[in-house]
Amino acid sequence: MTLCCLILAHAKPVVTARLVRRMLGAGIACHVHVDAKADLAPFRQALPAEAHLLRDRVEVWWAGFSMIEAVCRLAEAALAEPAHTHFLHLSGDTYPIKPMPRLIEMMTADADWIDSGEVPPGDPILSRIECCYLPDCAIGNLSQRESYTDRHLDAATVGRLDDFARAFAMKQAGRFPWRYAKGANWWLLRRETLLRCLDVYRHRPEIVDWFRYSAHPDESFFNSAVLNLFGKPSPLGCPIFALWDRQPRPYEFRTAEDLPLLRTAWQPLARKFAADSLPLLEAIDTELGVAPA
């Protein structure tokens, strides 16, 4: 049995490298996808040689299906190692905040940790899957960080207009054929669960296209897959702590003043840590009795 992290990164190479070193030090393998829009050189320089950097990278759009594609490529690479039994999906700005034995205990249990509760009929959240969105292109970018002037037709978008029309017609013609779950897009899955989710991604286009042209599929694809494949939601939630009740959302942990907040978490990991949070990460390691990195 070996454990594995599937890490999505796009910035903060120093924070990501510190996370990877902590995981490798505990015997946990690390596969890292760096957004194809980002410069790979700082990550190559910062990451230890034992980390597996994915070569086949995706341009990741915020809240788009491209995030699912990046995770699935990571998963396929990691699953090629038959000894890997449990897979922890996390962002590159995540960090352990509890003793590592607690995380190891969670990662070796016969259980899946994922938010997979069903969205009930009539809930406005269902519009995310029932309506046709185009998040993985300039005109359909859902990010509030972009200026409206960045949302325009370009050659790549025009080349996909037939696909957009097909997806729109599909959603107009019938109801979503699955039960829909929405939750955190970070999870811990057993090998068999991840294989079954990948089978949907590879071989169920009639399901995948509903998510490809939905809003925030990163918060629903794996969540819905687990709900439908097993017929019931996972009783265990997301294993990563984040704060959504303060600005910026999610809140960025930055200084030692954030330690009291982190101590309130039951989860063994937290996100998001700022690029300049190294003194905080060192303080966390000191509290946990971890040797200096």
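Reckoned from all heavy atoms, side chains included, excluding hydrogens, waters and symmetry mates.
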Q: Whether the side chain of E81 engages the backbone of A83 through a donor-acceptor N/O pair (distance < 3.5 Å, no angle test) should be reported.
A: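 Checked: pair present.
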Q: Sub-3.5 Å donor-acceptor pair from the side chain of R166 to the main-chain atoms of L161, do we have one?
A: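 Such a contact is absent between R166 side chain and L161 backbone.
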Q: Looking at C137 and F164, what are the two nearest heavy atoms and their distance?
A: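 Nearest heavy atoms, C137 then F164: SG-CZ, 4.1 Å.
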Q: Quick one: OH on Y213 to CD1 on I129, what's the gap to the nearest 0.5 Å?
A: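 Interatomic distance, Y213 OH to I129 CD1, rounded to 0.5 Å: 12.5 Å.
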Q: Counting only N and O atoms by type, is there a donor-acceptor contact under 3.5 Å from the side chain of H33 to the main-chain atoms of A9?
A: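 Not at all, since once roles are kept as given, no pair shorter than 3.5 Å links the two residues.
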Q: Report yes if the distance between the aromatic ring centroids of F211 and F176 is under 6.0 Å, otherwise no.
A: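 Yes, the ring of F211 comes within the 6.0 Å limit of the ring of F176, centre to centre.
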Q: Quick check: does any side chain N or O of D115 sit under 3.5 Å from a backbone N or O of A184, one acting as donor and the other as acceptor?
A: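 The answer is yes, because a donor-acceptor pair under 3.5 Å joins these two groups.
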Q: May I ask you to test the L189-I114 pair for a side-chain heavy-atom distance under 4.5 Å?
A: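 Yes, at least one pair of side-chain atoms sits under 4.5 Å.
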Q: Are R196 and F230 in a cation-pi setup, meaning NZ or CZ lies under 6.0 angstrom from the ring centre and within 45 degrees of the ring axis?
A: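 Pair R196/F230 counts as cation-pi.
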Q: Would you say that P250 contacts R271 through its side chain, given a criterion of any heavy-atom pair below 4.5 Å between the two side chains?
A: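 In contact.
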Q: Between H10 and W62, does the ring centroid distance fall short of 6.0 Å?
A: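 No; W62 has its ring centre 6.0 Å or more from that of H10.
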Q: Can you label the angle between the Y201 ring and the F221 ring as parallel, tilted or perpendicular, going by 30° and 60°?
A: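 Taking F221 first and then Y201, their aromatic rings stand perpendicular (interplane angle over 60°).
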Q: Can you tell if the side chain of F273 reaches within under 4.5 Å of the side chain of K12, non-hydrogen atoms only?
A: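 A side-chain contact under 4.5 Å is absent here.
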Q: Say you draw a straight line from CG of L90 to CG of L6; how long is it, rounded to the nearest 0.5 Å?
A: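 The distance works out to 8.0 Å.
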Q: Ring-plane angle category for W187 and F222, please: parallel below 30°, perpendicular beyond 60°, tilted otherwise.
A: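 W187 vs F222 ring planes: tilted.
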Q: Answer yes if the side chains of D258 and Y251 hold a donor-acceptor pair under 3.5 Å, and no otherwise.
A: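 Distance-only check passes for D258 and Y251.
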Q: Please report the closest heavy-atom contact between L262 and A270, naming both atoms and the distance.
A: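 Shortest heavy-atom separation between L262 and A270 comes out as CD2-CB, 3.8 Å.
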Q: I'd like to know if the side chain of S234 reaches the main chain of S116, judged simply by a donor and an acceptor atom lying under 3.5 Å from each other, with no hydrogens or angles considered.
A: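 Not a single qualifying donor-acceptor pair exists.
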Q: Determine yes or no for a side-chain-to-main-chain donor-acceptor pair under 3.5 angstrom, with D35 supplying the side chain and V60 the backbone.
A: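 Checking the backbone N and O of V60 against the side chain of D35, a donor-acceptor pair under 3.5 Å is found.
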Q: Just by modelled atom types, is the K182 backbone N or O under 3.5 Å from a matching donor or acceptor in the S220 side chain?
A: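 Checked: no pair found.
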Q: With rounding to the nearest 0.5 Å, note down the distance linking CD in Q45 to CG in L40.
A: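 Rounded to the nearest 0.5 Å, the CD-CG separation comes to 11.5 Å.
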Q: Say you draw a straight line from CH2 of W210 to CZ of R212; how long is it, rounded to the nearest 0.5 Å?
A: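 The CH2 atom of W210 sits 15.0 Å away from the CZ atom of R212.
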Q: Check whether K171 reaches the backbone of E130 with its side chain - one donor and one acceptor, N or O, closer than 3.5 Å.
A: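 Flag not set: sc K171 to bb E130 has no pair under 3.5 Å.
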Q: Going from CG on L24 to CD on E50, what distance comes out if it is rounded to the nearest 0.5 angstrom?
A: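 Reported value, rounded in 0.5 Å steps: 6.0 Å.
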Q: I'd like to check I207 versus P177 (side-chain heavy atoms, cut-off strictly below 4.5 Å). Are they in contact?
A: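 Side-chain contact under 4.5 Å: yes.
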Q: Could you report the tightest heavy-atom contact between I97 and A265, atom names first, then the distance?
A: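 Taking every non-hydrogen atom into account, CD1-CB, 3.8 Å.
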Q: Can you name the nearest heavy-atom pair linking L19 to P96, along with the distance?
A: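 Looking at all heavy atoms of both residues, the shortest contact is CD1-CD, 4.1 Å.
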Q: Rounded to the nearest 0.5 Å, what's the gap from OH on Y95 to CG on L281? Could you check?
A: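 Interatomic distance, Y95 OH to L281 CG, rounded to 0.5 Å: 5.5 Å.
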Q: So do T16 and L47 actually touch side chain to side chain, heavy atoms under 4.5 Å?
A: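 SC-SC contact between L47 and T16 confirmed.
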Q: Heavy-atom distance under 4.5 Å between the side chains of L103 and K98, does that happen here?
A: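 Heavy-atom side-chain distance check fails, nothing below 4.5 Å.
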Q: Can you confirm whether R191 sits close enough to F87 that some side-chain heavy atom of one is under 4.5 Å from a side-chain heavy atom of the other?
A: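 A side-chain contact under 4.5 Å exists here.
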Q: What I'd like to find out is whether the side chain of P260 reaches to under 4.5 Å of the side chain of T264, using heavy atoms alone.
A: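 Counting from C-beta outward, P260 and T264 never come under 4.5 Å.
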Q: So with a 6.0 Å cut-off around CD of E287, is the heavy-atom count from everything else above 12?
A: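 Correct, the count exceeds 12.
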Q: Examine distances only and state if a side-chain atom of N228 and a backbone atom of S224 form a donor-acceptor pair shorter than 3.5 Å.
A: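 Yes.
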Q: Determine yes or no for a side-chain-to-main-chain donor-acceptor pair under 3.5 angstrom, with D154 supplying the side chain and T157 the backbone.
A: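 Confirmed, D154 side chain pairs with T157 backbone.
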